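Input: a single structure, listed below in C-alpha cells.
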Amino acid sequence: MEPRAVGVSKQDIREQIWDHMESQNLADFPRPVHHRIPNFKGSYLACQNIKDLDVFARTQEVKVDPDKPLEGVRLLALQSNKTLLVPTPRLRTGLFNKITPPPGATKDILRKCATSQGVRNYSVPIGLDSRVLVDLVVVGSVAVSEKGWRIGKGEGYADLEYAMMVSMGAVSTETPVVTIVHDCQVVDIPEELLEEHDITVDYILTPTRVIATGCERPQPMGITWSKISREMMEKIPVLRSLRAREQQAGKDVTLQGEHQHLPEPGRQQAVPLSAGRRPPDTPGPEASSMAAACGSPPGEGAPLAADAYVGNLPRDARVSDLKRALRELGSVPLRLTWQGPRRRAFLRYPDSAAAQQAVSCLQGLRLGTDTLRVALARQQRDK
C-alpha cells in the first residue's frame, strides 16, 4: 500500500491507513480504528515473530506500549520471565507501571496480565528514582516505512515517553526499538515529514515478515522542552519533575511560547507561573463545569459546551467503571452525569468538535459483555 500523492502529510497517511483497514475488514476490536494505534487481524501472529529476534532473547527489561495489537508481546515477555514495563495511560499518574503477576500465576492469569485490565490490576508504579534500564522498546504505529520512519496516531505520547526515558537514563542510543503492524501499514514515508523528536524503529514485525530496517537516523536525545506546552505540563506531572531536574542541572527548559528574559538592573524579574497553575483570571475546567451546571452563559466568544450520550450501560455497572474506560481512551469529559438506573450517562465536553471526537473514539466500547451506544446527545434526543 502506497501513499497517494506528492506533498502528502502525516495525517493524510494516517487517514489512508485507517480507511483501508476498515474498508478491507483488516481491523480488529476496538473499532473503528480511526484515531487509534489500529488493532488488526493477525496481530498475535505478528507478535510471535519477536521470538526470532536475538534482541528479544537477550533482553531482561522490556517496555511495551499498552496498545491492543501489542498484547501478544506483553504476554510473551511475561511468559519469558522478563521485567515488563508499560507506560501509564496518557502519562497522567507517572511514566511506567511494572506488571507483577501473582506467585504461581497460571497461563490464564498471565493472559489477563497482558491486557489493559491486567495492567490496572497487576501492576505497581515505577518512580523516576527507580533504577530502570530498558533493554528493548516496543511501540505501536499507524504507519512505518522499511527505512524505519514511523508515524503514530498524532498525539506524540510514544515519542515523549522515549524522550523521557532518555532524560532519566533508562535507554541509550543502543536500545533497539521494535514495532508491530499489519503488512498494509508498511508504506513509503517521505523523510521530510520526520521531525527531530520522532523516534525511529529498528525492526518491523508483521504477520508475514520480519524487517530489519538498518535505520541510522539518530534517536531523540531527550525532551525538546520548546515543544512542550503549559497544557501538557499540567496534564503530565512526571514532566514537571523531569523539568525541575534538568533545570537544576543547568539545561534550557524553556517551554513552548515562553521567552527567557534577563532581569534589568534595579528591576524585579517576573516569575513565571509554576507548572500546574493557571493565571488568576483564567478559569479551569472545574469552573467551566460548574458554570455549565449552574446554567451560567459562556463567556463572550467562547465555544458552547456539548454533550455525548452513552447508553446501554450494564445494569451492574458503576460510574468508576466508565470513568476508568474514559481515562484509558483519553476521552475524559469536563463533567459526567451518571444515570445508572436508566442505564445511561451524559459526558460534557468543551465544544462540539471535542464531543464528536469523543463519540468517534468511544465507538465499540464495552463494559463487561455489553457494547455501549454512543452518540452526540442532541442526536440521541432527536431520535
Side-chain angles (χ1 to χ4, degrees), residues 37 50 53-67 70 73-74 76-78 80-101 113-114 119 122-141 148 150 152 155-180 195-203 215 217-225 227-228 232-233 235-253 275:
I37 297 297
I50 202 169
L53 297 182
D54 288 340
V55 292
F56 181 74
R58 294 195 303 265
T59 187
Q60 293 298 318
E61 206 155 284
V62 56
K63 173 256 185 186
V64 185
D65 283 353
D67 307 305
L70 308 183
V73 170
R74 295 194 293 273
L76 283 170
L78 293 173
S80 303
N81 295 316
K82 300 182 187 298
T83 299
L84 174 60
L85 302 175
V86 179
T88 59
R90 305 182 79 80
L91 304 176
R92 284 202 174 94
T93 58
L95 181 53
F96 293 129
N97 280 348
K98 178 182 175 181
I99 311 305
T100 54
C113 289
V119 172
Y122 298 98
S123 66
V124 294
I126 299 294
L128 291 180
D129 294 324
S130 302
R131 293 188 176 182
V132 174
L133 187 58
V134 175
D135 303 311
L136 181 66
V137 174
V138 183
V139 297
S141 302
R150 172 191 173 273
E155 295 182 339
Y157 280 101
D159 301 315
L160 182 56
E161 288 159 10
Y162 185 92
M164 292 165 75
M165 288 191 292
V166 172
S167 294
M168 64 186 287
V171 295
S172 71
T173 55
E174 304 302 316
T175 306
V177 179
V178 176
T179 194
I180 292 156
E195 302 176 74
E196 62 179 354
H197 62 272
D198 288 334
I199 62 172
T200 57
V201 302
D202 301 292
Y203 297 94
C215 184
R217 182 184 175 94
Q219 296 284 20
M221 298 303 293
I223 299 172
T224 306
W225 292 104
K227 299 280 187 181
I228 304 295
M232 291 179 71
M233 292 292 291
K235 289 180 179 178
I236 306 175
V238 70
L239 263 182
R240 300 200 288 270
S241 301
L242 282 170
R243 187 187 187 214
R245 289 186 178 195
E246 297 203 356
Q247 189 172 31
Q248 192 172 11
K251 296 184 180 180
D252 182 2
V253 294

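This one's a predicted model, so the numbers in the text were calculated from it and none came from an experiment.
- Among residues two or more places apart in sequence or in another chain, the side chain to side chain contact (heavy atoms under 4.5 Å, CB included) test is passed with Gln60 by Asp135.
- Here the closest non-hydrogen pair linking Asp65 and Gly140 is OD2-N, 3.7 Å.
- For Glu61 (side chain) and Thr83 (main-chain N/O), no donor-acceptor pair under 3.5 Å exists by modelled atom type.
- Phe56 has its side chain within reach of Leu76: a pair of non-hydrogen atoms, C-beta onward, lies under 4.5 Å apart.
- Atom CE of Met165 is separated from atom CG of Leu85 by 9.0 Å, given to the nearest 0.5 angstrom.
- Atom OG1 of residue Thr179 and atom CD1 of residue Ile199 lie 8.0 Å apart, to the nearest 0.5 angstrom.
- Residues satisfying the salt bridge (Lys or Arg N to Asp or Glu O under 4.0 Å) test with Asp67, not counting sequence neighbours, are none.
- Scanning for side-chain hydrogen bond (donor to acceptor under 3.5 Å, both in side chains) contacts around Asp198 gives Lys10, with sequence neighbours left out.
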Original post:
Please walk me through it: do Gln219 and Thr173 pass side chain to side chain contact (heavy atoms under 4.5 Å, CB included)?
Top reply: CA-CA 7 Å; Gln219 296 284 20; Thr173 55; over 6 Å; no
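- Checked against side chain to side chain contact (heavy atoms under 4.5 Å, CB included), Asp202 has the following partners two or more places apart in sequence or in another chain: Pro176, Val177.
- Arg240 approaches Met233 most closely through the heavy-atom pair NH1-O, 2.6 Å.
- Smallest separation of non-hydrogen atoms from Tyr162 and Pro220: CE2-O, 3.8 Å.
- Among all heavy-atom pairs drawn from Asp252 and Trp225, the shortest one is O-CD1, 3.7 Å.
- A heavy-atom distance below 4.5 Å is found between the side chains of Leu160 and Ile236.
- Counted within 6.0 Å of NZ on Lys82, heavy atoms from surrounding residues, nucleotides or ligands total more than 12; the atom is thus considered enclosed.
- The shortest heavy-atom contact between Cys215 and Gly148 is CB-CA, 4.4 Å.
- Asn97 approaches Pro125 most closely through the heavy-atom pair OD1-CA, 3.5 Å.
- The line from OH of Tyr203 to CG of Asp54 is 7.5 Å long, rounded to the nearest 0.5 Å.
- Between the side chain of Arg150 and the backbone N or O of Ser141 there is no donor-acceptor pair closer than 3.5 Å.
- Legend: residues meeting salt bridge (Lys or Arg N to Asp or Glu O under 4.0 Å) with Arg74, ordered by chain and number and at least two apart, are absent.
- For the pair Thr175 (side chain) and Ser172 (backbone), a donor-acceptor distance under 3.5 Å is present.
- The shortest distance between side-chain heavy atoms of Ser123 and Val86 does not fall below 4.5 Å.
- When the side chain to side chain contact (heavy atoms under 4.5 Å, CB included) test is applied to Glu196, the partners found at least two apart in sequence or on another chain are Thr224, Lys227.
- At least one side-chain heavy atom of Leu136 sits less than 4.5 Å from a side-chain heavy atom of Ile50.
- With sequence neighbours left out, Ser167 forms a side chain to side chain contact (heavy atoms under 4.5 Å, CB included) with Ile223, Leu242, Glu246.
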